[in-house]
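Everything on this sheet refers to the single structure shown next.
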Amino acid sequence: MSTPQDALAQLNPPQREAVTTLRGPILVLAGAGTGKTRVITYRLAELIRSGIRPDRILSVAFTNKASREMRQRTADLLGRRLPAKPLISTFHALCVRILRREIALLGYPTTFAIYDRGDQESVARTALRDIRVSEKSMTPGDLLARISRWKTAAVLPEHAADHVENDLDFLASVAYRKYQSRLRATGALDFDDLLLLTMQLFYEQPAALERQQQLFDHVQIDEYQDTNGIQFQLIEALVRPHRNLLVVGDDDQSIYGWRGAEVTHILNFQHHFPEAKVVRLEDNYRCTDRILAVANQLVQYNQGRHEKTLRAHKQATSNVRMLEFPDELSEAESIVGEIRQLHEQGGVPARKFALLFRTNEQPRLFETELRRASLKYTLIGTQSFFDRREIRDLLAYLRAISNPQDEHSLLRIINTPSRGIGDSTVQKLLERAVKQGRPLQHVVNEAADDGLITRRAEAAINSFYELLQKYRDRLQADPKNMAHTVRKLIEEIYYESEICKQYKAPDQQLARSAMLEQFVDSVQEYVDRTTSPTTTDFLDETALEGPAGTSEKDDKLADDAIKLMTIHSAKGLEFPRVYLVGLEDGLLPHQRSIDADSTDSIAEERRLAYVAITRAEDHLTVSRAATRMKWGKRRATKASRFLYEMFDDYVPDPDLVEQAMQNEMQTIIGRRR
DNA sequence: AAGGAGGGTTTTTTT
DNA sequence: AACCCTCCTT
């Protein structure tokens, strides 16, 4: 292990300049593979060595994975001799930390829950139903996108009507108010609220801001190009007393525009901090010259970028390959076949391979093939875990238990598994409760007295509330035993038999039950590594980081496996051998961006391709399928426009569609899987 | 109130 | 192909 002094000697001059500039604002414009993260970790070490207390340095990473990695690298660099831990966090986790302490100042309950995408969608759905907008004209997804745009621009519900450009915007502004008041009544915040309310807190409560300002002397931000307006304002407020702020970013890698990040923020930095020192990192140590050449050639097609000249420091031993297949099955078979050969005969460790794709639906076939080939792989991305109905149900139980105000979660599970509380009963109660402005529970008995609901339903509801109360008490009394309590809960509500009823196929039943086990395990894992566990804290962590257990332990376990992930999740990572699949118009660039018909949206897709390409250290293979199943039908695809930009001499193979039809025939007569 | 059949809809990316 | 919603039967 190297000492920090030795480490400094390993840096090139601009890196060293960034690392040793310990005061004032710095903007590091860093290309792909130029050691961005290294600058942040080494500077962290430098700051500590210069006598700054570690816990007075805040480093912000973009994802939880990135912050874990930063923590790891810092520990490697400094050893364990630190008197205190530096704070390494994501924006959202930082805001939760602040809000849990200070949110009462804004009149919110400190017991707030964090609603993830799925919950947001169902709140959006009810909000739309309330204002009787036909769902055809606006889907929950559309509404959420608009709300998110407003929130990241700090537009509160009551002012949304001033930011309306058409009828749909207007409906959305009405729905936004409904959506927000539902969240508020539930005692829940969505992801954007975490940032928005923290900002509101800083504006309205100077004392709270001051408390936070006094915690840190230095702030560093990674992946600055993906920072949105609110995030910038939060940071600006935090560093106001000392202006010791370092940001690192690359405008060519801005891929979160759809979430409010704007390339202009990285330019605005010098506007907000005129005295900022600007450092450029242009020496790429990651990719071979050929890979870098392809990446550069592609990204040249984007207008208005920070022109920079990335210098490759590595000679290629092989060319960038482009492979074409008749259909997506051949694509998966061939690529997995090749990986298998390289791994089993060539002795290339599994960890050196990464498969990158644009959408979450693409990996399915690859997974099947990898399993058939008995290759170890990990699918990175939290989505799949949360999309399971069982997990969502259990989380809803925990939320309803931990926060009696959370009627939204309660309604999700009030009759899951079915316990004799039907839809009409719930509707009638809800109507009455809303009319009287009282909690659901308080109107149950009266409603039964008035004959609105049956005595039978009344009894079922009351015993349901008793169940919740019982587990509320248990979890509070003995939080260390949380996993056991959750298991008892699953038994008591007969969730397993619900699964049996819903899924007839035995392998499905097994898989679904396994999810329950996994959930209990993740609770146990949380309890084991936390000194004073609480249900609320578990729910926070789960909302922010995905299921516990995808963290350190799993990282190590998954280390020696082939990595499958979306390009978005691959940001900041690197792999010796990268396969970038599905280079088709409609997929990359995605159809939605093509439909948007703006150069901006295509430019972002191009940057996405750029990010994907620059993940590769030594070998890069890009591929496409000439036909693909869509909505249950096989259709010919169009080669991605980016292929023509990347390779001067690219011409699509004209025979592949014909070949795909022959494959299709063989599938039908059963000679092919 | 529960469960099943049938019909319509859906697909970006993530904290 | 997977999911949700609605309607129908029990």
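All chains are named by letter (A, B, ...) in the order of the sequence lines, taking the proteins before the strands, and each is independently numbered beginning at 1. Computed from heavy atoms alone, side chains included, the values below leave out hydrogens, waters and symmetry copies.
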Minimum side-chain heavy-atom gap A:Arg607-A:Arg305 below 4.5 Å: no

Contact check, side chains of A:Thr63 and A:Lys571, non-hydrogen atoms, under 4.5 Å: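 A:Thr63 vs A:Lys571: side chains apart.
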
Between A:Asn445 and A:Asn462: side-chain donor-acceptor atoms closer than 3.5 Å: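 Present: a donor and an acceptor within the cut-off.
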
Taking atom types as modelled and ignoring hydrogens, do the side chains of A:His590 and A:Thr359 form a donor-acceptor contact shorter than 3.5 angstrom?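 Note: A:His590 and A:Thr359 side chains miss the donor-acceptor criterion.
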
Roughly how many Å is it from [atom1] in [X] to [atom2] in [N], rounded to a whole number?
X: A:Leu196; N: B:dT15; atom1: CG; atom2: P; value: 20 Å
X: A:Ile602; N: B:dT12; atom1: CD1; atom2: P; value: 15 Å
X: A:Ile147; N: B:dT15; atom1: CD1; atom2: P; value: 20 Å
X: A:Asp226; N: B:dT13; atom1: CG; atom2: P; value: 16 Å
X: A:Glu361; N: B:dT13; atom1: CD; atom2: C1'; value: 13 Å
X: A:Asp116; N: B:dT14; atom1: CG; atom2: C1'; value: 11 Å
X: A:Glu121; N: B:dT12; atom1: CD; atom2: C1'; value: 13 Å
X: A:Ile421; N: B:dG3; atom1: CD1; atom2: P; value: 14 Å

Of the nucleotides [options], which one has an atom closest to the side chain of [X]?
X: A:Ser424; options: B:dT13, B:dA1, B:dT15; answer: B:dA1
X: A:Thr425; options: B:dT12, B:dT15, B:dA1; answer: B:dA1
X: A:Glu605; options: B:dT14, B:dT15, B:dT12; answer: B:dT12

Would you say [N] has OP1 or OP2 under 4.0 Å from some side-chain N or O of [X]?
X: A:Thr566; N: B:dT14; value: yes
X: A:Ser593; N: B:dT12; value: no
X: A:Ser418; N: B:dG3; value: yes
X: A:Asn360; N: B:dT13; value: yes
X: A:Arg389; N: C:dC3; value: no
X: A:Asn64; N: B:dT14; value: no

Side chains of residues 418-429 of chain A: which donor-acceptor partners sit under 3.5 Å, not counting sequence neighbours?
residue, atom, partner, partner atom, Å
A:Arg419, NH1, A:Ile413, O, 2.9
A:Arg419, NH1, A:Ile414, O, 2.7
A:Arg419, NH2, A:Tyr397, OH, 2.6

So what does A:Asn415 hit on the nucleic acid, given a heavy-atom distance under 4.0 Å: a base, only sugar-phosphate, or nothing? sugar-phosphate

Just to be sure I understand the rule, does A:Arg419 reach a base, reach only the sugar-phosphate, or reach nothing, if contact means heavy atoms closer than 4.0 Å? sugar-phosphate

Flag the pair A:Arg372 and A:Glu333 as a salt bridge only when some basic side-chain nitrogen lies within less than 4.0 angstrom of an acidic carboxylate oxygen.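 Looking at A:Arg372 and A:Glu333, the cut-off is not met.
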
So is the aromatic ring of A:Tyr256 stacked onto the base of B:dT13, judging by whether the centres are under 5.5 Å apart and the planes are under 30° apart? no

So for A:Arg592 and B:dT12, does any side-chain atom that can act as donor or acceptor lie under 3.5 Å from a complementary atom in the base?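 No pair found.
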
So does A:His590 reach the base of B:dT12 with its side chain, donor to acceptor, closer than 3.5 Å? no

